[in-house]
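Labels below follow one simple rule: chain letters A, B, ... track the order of the sequence lines, proteins then strands, and each chain is numbered from 1. Bear in mind that the values here come from a model prediction, so they are computed numbers and not experimental data.
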2 protein chains.
Amino acid sequence: MTNSNDGNGGAATASIATGRANMQLGYTPLYLQVRQQLLDKLISGEWLPGAMLPSEQQLSVQMGVSQGTVRKALDALSADRIVVRHQGRGTFVAEHDQRRTLFQFFKIADDKGDRVLPETVYSQLRRAEPSTAESRLLGLRPKAGVWRIVRHRALKGRVMLNEQITLSEDRFPGLDVHVPLPNNIYELYERHFATTVARAAEQLRAVSASAQDADVLGCGETTPILQIDRQAFALNGALVELRRSRCLTEQFHYASDLR
Amino acid sequence: MTNSNDGNGGAATASIATGRANMQLGYTPLYLQVRQQLLDKLISGEWLPGAMLPSEQQLSVQMGVSQGTVRKALDALSADRIVVRHQGRGTFVAEHDQRRTLFQFFKIADDKGDRVLPETVYSQLRRAEPSTAESRLLGLRPKAGVWRIVRHRALKGRVMLNEQITLSEDRFPGLDVHVPLPNNIYELYERHFATTVARAAEQLRAVSASAQDADVLGCGETTPILQIDRQAFALNGALVELRRSRCLTEQFHYASDLR
DNA sequence: TAGTGGTCTAGACCACGCC
DNA sequence: GCGTGGTCTAGACCACTAG
């Protein structure tokens with residue numbers, strides 16, 4: 001790319017010329033190399049969330065590939081919700097606005113199937129020692145601390161979620177300055193800690209309400225509770241947040257699409 | 001397409017010429033029209049599951065569009081897992097083999113995060129009268145009957161799932177002939193009832209084990225149980241299966257990827 | 001009206017699977 | 001060696017947004 005290719009349609013030639021690591025099978029297509037270069041710029045902070053990227057034409061000249069190849073790279077980033085493209089406007093770095101949080105990262109819906117925006121009714125932040133599991137998962141240095149956030153969140157005016165979040169103190173230095181934390185916490189990560197949550201994995205289990213759950217959620221002890229464990233990953237693939245949500249599911253449910 | 005377009009790069013011209021319904025905004029791109037035409041053939045049964053489709057080149061000639069446009073249509077079908085493409089081999093109608101069932105339609109995993117294939121240890125089929133809700137959802141004619149399947153399913157040798165499936169008797173005539181039902185029931189729908197399950201929606205709640213759950217799953221009554229309601233949809237979008245699974249989540253969990 | 005992404009076409013070459 | 005899908009290029013035109 002920077003060492004420009006031969007100008008004809010030779011894909012493998014160009015790929016080998018640029019010589020990118022590719023363990024899978026033989027070679028890495030040019031558009032994936034372009035995708036990675038663009039992703040690297042996003043990771044480095046060269047383009048901040050909300051910023052407009054150069055046009056396909058400009059990028060194709062800068063990177064020495066055809067516009068079609070840049071388009072394929074941008075389409076791949078768009079499919080991963082890393083950028084957002086608007087015909088007639090341009091390509092933008094994806095932001096954690098309310099809509100994205102609601103549709104990509106919040107799966108609780110009411111009986112009609114509509115996603116409901118949760119409201120934070122209680123929030124607490126404190127510094128703590130990580131468990132060995134947390135330390136390992138978050139990749140903490142020895143003796144590094146963590147932040148623990150506890151939030152109680154309401155849906156349609158009723159407290160439904162008892163949530164605990166664990167973050168590396170190193171990655172989120174001075175987090176306590178931002179108390180009271182905003183409802184949309186991924187936007188906070190993004191704006192003040194250069195951390196964009198790109199994807200997450202969740203594990204769901206049915207458990208009994210603890211005494212604390214019963215108190216927070218106003219239910220009986222041993223009431224069935226949906227426990228949702230989440231690991232959230234940054235653009236570079238690093239695990240940046242651990243979360244456990246305990247949720248009443250009498251009026252709401254967790255919605256999952258299989259496709 | 002059949003009424004061929006003008007042969008140049010005029011996209012909108014070709015689209016308007018073929019005049020497909022498109023409520024959204026203005027027009028439907030040619031590749032989506034091609035996608036729909038291919039989907040129609042799949043729905044009609046012209047190409048059966050597992051069959052190889054004509055090559056891109058052949059399709060482009062048949063439909064009077066460029067190979068690139070056919071490719072875009074096939075890529076869209078591939079993204080929806082309706083066809084499967086293999087470099088060097090061809091494009092095939094997707095089948096409900098064990099791998100697809102496991103990865104697309106079965107979200108239970110063990111503590112390491114590995115999907116586990118369930119084993120059916122008990123299966124019962126009977127004809128029944130639908131509830132009004134079932135009748136409405138499945139679009140049944142008045143007085144039409146349903147099949148009810150009850151299955152107990154084991155993971156790693158332990159009964160973990162108590163499952164009830166409801167099907168339209170009209171769509172699955174003579175289903176009782178196939179008793180004992182195979183473990184992979186979507187393959188049965190596909191092979192004998194011309195019904196391909198293309199996608200599904202699930203709603204998850206935490207509930208208490210009923211007396212029957214306790215008996216089947218070997219747990220105490222009021223044990224927390226993960227209840228999974230599923231609606232499965234055919235290629236043409238019709239709702240074809242209702243399912244309720246009640247699941248122990250002490251050794252296993254429901255895995256959900258947010259991306 | 002200018003600039004952006006979106007579509008469509010045409011043709012070349014590459015990687016892969018199979019015979 | 002042949003046929004398949006996958007990549008890459010080049011260039012045209014269309015749809016949409018904004019000044």
Side-chain angles (χ1 to χ4, degrees), chain A residues 1 4-18 20 22 24-35 38 51-61 63-79 83-93, chain B residues 1 4-18 20 22 24-35 38 51-61 63-79 83-93:
Chain A
M1 253 112 40
S4 71
N5 62 43
D6 52 20
N8 64 21
T13 308
S15 303
I16 291 167
T18 48
R20 179 166 292 277
N22 54 324
Q24 44 216 22
L25 272 177
Y27 84 112
T28 301
L30 191 49
Y31 78 94
L32 287 180
Q33 300 177 40
V34 171
R35 188 200 108 104
L38 296 172
M52 181 175 164
L53 270 62
S55 71
E56 293 179 356
Q57 181 58 35
Q58 290 172 316
L59 287 172
S60 72
V61 171
M63 310 180 88
V65 300
S66 78
Q67 184 175 346
T69 298
V70 170
R71 161 176 298 279
K72 242 190 135 175
L74 288 172
D75 282 346
L77 290 172
S78 175
V83 303
V84 178
R85 318 193 73 193
H86 296 288
Q87 184 174 138
R89 292 212 283 138
T91 302
F92 302 83
V93 185
Chain B
M1 253 107 45
S4 71
N5 63 42
D6 52 18
N8 66 19
T13 309
S15 303
I16 291 166
T18 48
R20 182 165 292 276
N22 54 323
Q24 44 217 23
L25 272 178
Y27 85 112
T28 302
L30 191 49
Y31 78 93
L32 287 180
Q33 300 176 39
V34 171
R35 189 200 109 105
L38 297 171
M52 181 175 165
L53 268 61
S55 72
E56 294 179 355
Q57 181 58 35
Q58 290 173 316
L59 287 172
S60 73
V61 172
M63 310 181 88
V65 301
S66 79
Q67 184 176 346
T69 299
V70 170
R71 161 176 298 278
K72 242 190 138 177
L74 288 172
D75 282 346
L77 290 172
S78 174
V83 302
V84 178
R85 318 194 74 192
H86 296 289
Q87 184 174 134
R89 293 211 284 136
T91 303
F92 302 84
V93 184

Peer 1: Holding to side-chain hydrogen bond (donor to acceptor under 3.5 Å, both in side chains), I want the full list of residues that pass it with A/S66, two or more places apart in sequence or in another chain.
Peer 2: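 side-chain hydrogen bond (donor to acceptor under 3.5 Å, both in side chains) list for A/S66, sorted by chain: A/T69.
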Peer 1: What's the spacing between B/Y27 OH and B/L32 CG if we round to 0.5 Å?
Peer 2: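 Here the interatomic distance stands at 8.5 Å.
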Peer 1: Hey, is the side chain of B/K72 poking within less than 4.0 Å of OP1 or OP2 on C/dT7, counting only N and O atoms?
Peer 2: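 Yes, within the criterion.
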Peer 1: For B/M63 and C/dT9, give me the distance from atom CE to atom P, rounded to whole Å.
Peer 2: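 In whole Å, C/dT9 P and B/M63 CE are 12 Å from each other.
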Peer 1: Considering non-hydrogen atoms only, spot the tightest contact between A/Q57 and A/S60 and give its length.
Peer 2: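 Heavy-atom minimum between the residues: O-OG, 2.7 Å.
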Peer 1: Do A/V34 and A/L59 have side chains that get closer than 4.5 Å, going by heavy atoms?
Peer 2: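 No, side chains not in contact.
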Peer 1: Take N1-N3 plus N6-O4 or O6-N4 for Watson-Crick, N1-O2 plus O6-N3 for G-U, both under 3.5 Å. Which runs of 3 or more such pairs involve DNA chain D?
Peer 2: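 As far as DNA chain D goes, consecutive pairing (with distances under 3.5 Å) yields the stems C:1-18 with D:1-18.
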Peer 1: Does B/E56 have any side-chain hydrogen bond (donor to acceptor under 3.5 Å, both in side chains) partners at least two apart in sequence or in another chain, and if so, which?
Peer 2: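 Applying side-chain hydrogen bond (donor to acceptor under 3.5 Å, both in side chains) to B/E56 gives B/Q67, B/R71, B/R85.
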Peer 1: With sequence neighbours excluded, what pairs up with A/V84 under the side-chain contact (heavy atoms from CB on, under 4.5 Å) test?
Peer 2: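 Counting only residues at least two positions away or on another chain, A/V84 forms a side-chain contact (heavy atoms from CB on, under 4.5 Å) with A/H86, A/A94.
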Peer 1: How far apart are the closest heavy atoms of B/R35 and B/A76, and which atoms are they?
Peer 2: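 Reported closest heavy-atom pair: CD-CB, 3.9 Å.
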Peer 1: Evaluate the side-chain proximity of B/L38 to B/M63: yes if any heavy-atom separation is below 4.5 Å, no if none is.
Peer 2: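 A side-chain contact exists here, since the closest heavy-atom pair is under 4.5 Å.
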Peer 1: Can you give me the N/O atom pairs linking the protein to nucleotides 2-5 of chain D at distances under 3.5 Å, or say none if there are none?
Peer 2:
residue, atom, partner, partner atom, Å
D/dG3, N2, B/G88, O, 2.8
D/dT4, O2, B/G88, N, 3.0
D/dG5, OP1, B/T91, OG1, 3.2
D/dG5, OP2, B/E56, N, 3.1

Peer 1: When the distance from CG of B/L30 to P of D/dC13 is rounded to whole Å, what number comes out?
Peer 2: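 Going from B/L30 (CG) to D/dC13 (P), I get 17 Å.
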Peer 1: Does C/dT9 have OP1 or OP2 under 4.0 Å away from a side-chain N or O of B/T69?
Peer 2: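 For C/dT9, OP1 or OP2 has a side-chain N or O of B/T69 closer than 4.0 Å.
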Peer 1: Mapping A/S66 and B/D75 to their closest nucleotides on DNA chain D, which lands nearer the 5' end?
Peer 2: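 Mapping each residue to its closest nucleotide by heavy atoms, the 5'-most match is B/D75.
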